Amino acid sequence: MESRRGHELHLAGITQRFGDYVAVRDIDLKIGAGELVALLGPSGCGKSTLLRIISGFMPQTEGKVFFDGEAVDHLPPNKRGVGIVFQNYALFPHMTIRQNIAYGLEVQRVPAARLKTRVDEMLDLVHMGEFAERYPRQLSGGQQQRIALARCLAVDPKILLLDEPFGALDKNLRLDMQIEVKRLQREYGITTVLVTHDQEEALSMADRVAVMSRGRIEQIASPTDIYDRPETLFVNQFVGSTNVLPGIAGEMAGAGQQVTLACGERIALAEGSRLATGAQVQVSIRPEHLTLQTAPLDNAITGVIKAVMPLGPQVLYDIAVGDGTDIKVSVPRKRGDEFLLSGTRIFAAPVPPAGYRAFPV
Amino acid sequence: MSDPRARPDWEAVSLRLVFGLLAAVALIFLVAPTLVILITSFTDSESLRFPPTGFSLRWYEALLDADQMQRAAWNSLQIAVCTTLLCVLLGTPASIAMARSRHPWIRACDVLFMSPLLLPALAFGFAGLIFVNQMGFRPSVTFLVLGHTIVCVPFVLRTTIAAMTQLDPALLDASRSLGASEWTTFRRVTLPLIAKGIAAGAFLAFMASFDNVPVSLFLADERTEVLPIHLWQQIESNLDVRTAAASGVIVMLTLGLMIIAERTAGLTRQMR
């Protein structure tokens, strides 16, 4: 068996224009050997364009793609060694499962004896041996996905691209397949790029997540950092949900900077904020990072409960604060807990170590 | 669907009645003439009369000695085969290119290639004759095949383009990313998946060439007589009952071919 050491992928200054439209703007991205990086963003953010550039189907307008430090821009898709698992799996409908997996080996002229052992090996790997002689249409979505992955890994690609691979699966199966794919990716140590618009998929699978918007990478960081320490308001709003309150930055006070919110409150930001005094800012705090209490709290926003929504494991409170804006607060629920009632005047403050984050407008 | 015990929905019933009647009328007009000629061909009398006075196979036997008619049929068959081959060889690559491109001039080409279906074939045949003469040639089998190809290629184009649009482009990307060249991808993925579309088009092109009259009328040379024109002349000159028998043979052969095409290529599915 070939070496299972992953390969390094480096995108250097990639720009893609379609006429006047810039689909991808000056992307720099280094992905380590064996790492799984998710490109996360809404449709039209340029993630699929990047995928086509990496795989060689679309020549980029500017910039270079390196595998292990070597430029691969001159290599057509069939010479690049990039395996792709497509959203609809793209299994060849006129071939059996065995023929599908063997296809890549055949076109690369692998000798028959080795081809057969390799195909059997791949069938075992995805636990699909008994389905070898069936046709793709006789398989369920999850089974088809396993075959697509096996077909891809059979030719030992340098880089694996997963293009919205779980979108067509129902929710329970999706989680199982995510675990399965993650296991195979680990086992193979193959450098992987996952393209998705589903934040849960990105956060659960990736070593690092690159959040993209309008052709740029807004932030690239570990899933925890993306969620807990978003660097832009876009990242904050796209990954998870958050309350956004407009305000004006004030003086530094102790560790955090003061902000006067449009609703009248004055709060202190989490440590590390450095915004120009007097600047217009958007203050963000996630619903689950707030705690509620009827007695006064430090650094709190006051409001009146407008609605109480029990969502099973959490209770979501909709709270009216000052100037007619609403915030949402999500409180974990234990059995027997009493809800706060609509109309109650309450104090909502961040639970340490969370804090208010502010982004310049 | 609706509960059978529920009150009849008169609107639906009358709709079904009207469409059913229309379909029945259409079916009768389509099938009846073919049946009439089939029945007539088994007559035992000397004249084309319906209903026939008695049953015999004498006119089918007579076909065995009809040298001129056989020669015409053989000509038609050769021309149809050549035409079909040319249509497939030219039509398939053209369809693939047209199905993949959204370029405006490709759309224009599409309309241009399809125009023989819309233009009166008689006008095209006449124009073809003048064109051939202008170039300093005489009508010949070569030009006849070329003329047939132009009017028959739309069938291959339509069915192949339809098959191409059904083809998921991700399959081609998958093949390429697995290491296959464009040619290998075409041979092992594209072609097998559009083969039924091509076959359906080839069948239609073959039939269209085989019974083409207007183009053959102008572009055939004096020595090359094709079957439909020969049959027409026989009817015109002496109401030959053998023409009915020949028609019978054609109808039955066509029926056989259609059954084979439907079984293997799913002909009607390809035309949807």
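Just so it is clear: chains get the letters A, B, ... in the order the sequence lines come, proteins before strands, and each one is counted from 1. Since this is a predicted model, take the numbers as computed values, not measurements.
- Rounding to the nearest 0.5 Å gives a distance of 8.0 Å between CE of A:Met95 and CG of B:Leu193.
- Only the side chain of A:Phe57 has a heavy atom closer than 4.5 Å to any heavy atom of chain B.
- Using a 4.5 Å cut-off between heavy atoms, B:Leu171 touches chain A through backbone and side chain atoms alike.
- With chain B as partner, the option from A:Val155, A:Asp163, A:Asn88, A:Leu105 having the largest number of non-hydrogen pairs under 4.5 angstrom is A:Asn88.
- Taking OG of B:Ser177 as the start and CD1 of A:Ile159 as the end, the distance is 13.0 Å to the nearest 0.5 Å.
- Residues A:Tyr103 and B:Arg188 meet the side-chain proximity criterion, which asks for heavy atoms closer than 4.5 Å.
- Rounded to the nearest 0.5 angstrom, A:Asn78 CG and B:Thr184 OG1 are separated by 8.0 Å.
- In B:Glu182, the CD atom is not crowded: 12 or fewer heavy atoms of neighbouring residues, nucleotides or ligands sit closer than 6.0 Å.
- Heavy-atom neighbours of A:Glu62 CD from other residues, nucleotides or ligands within 6.0 Å: above the threshold of 12.
- The residue among A:Cys152, A:Ser55, A:Gly56, A:Ala90 with the most heavy atom pairs within less than 4.5 Å of chain B is A:Ala90.
- For CZ of A:Arg183, the number of neighbouring non-hydrogen atoms (other residues, nucleotides, ligands) closer than 6.0 Å is greater than 12.
- Both the backbone and the side chain of A:Arg151 come within contact range of chain B, each with at least one heavy atom under 4.5 Å from a heavy atom of that chain.
- A:Gln108 and B:Gly179 make their closest contact through NE2-CA, 3.7 Å (heavy atoms, listed as atom of the first residue, atom of the second, distance).
- Proximity to chain A involves both the backbone and the side chain of B:Asp173, based on heavy atoms less than 4.5 angstrom apart.
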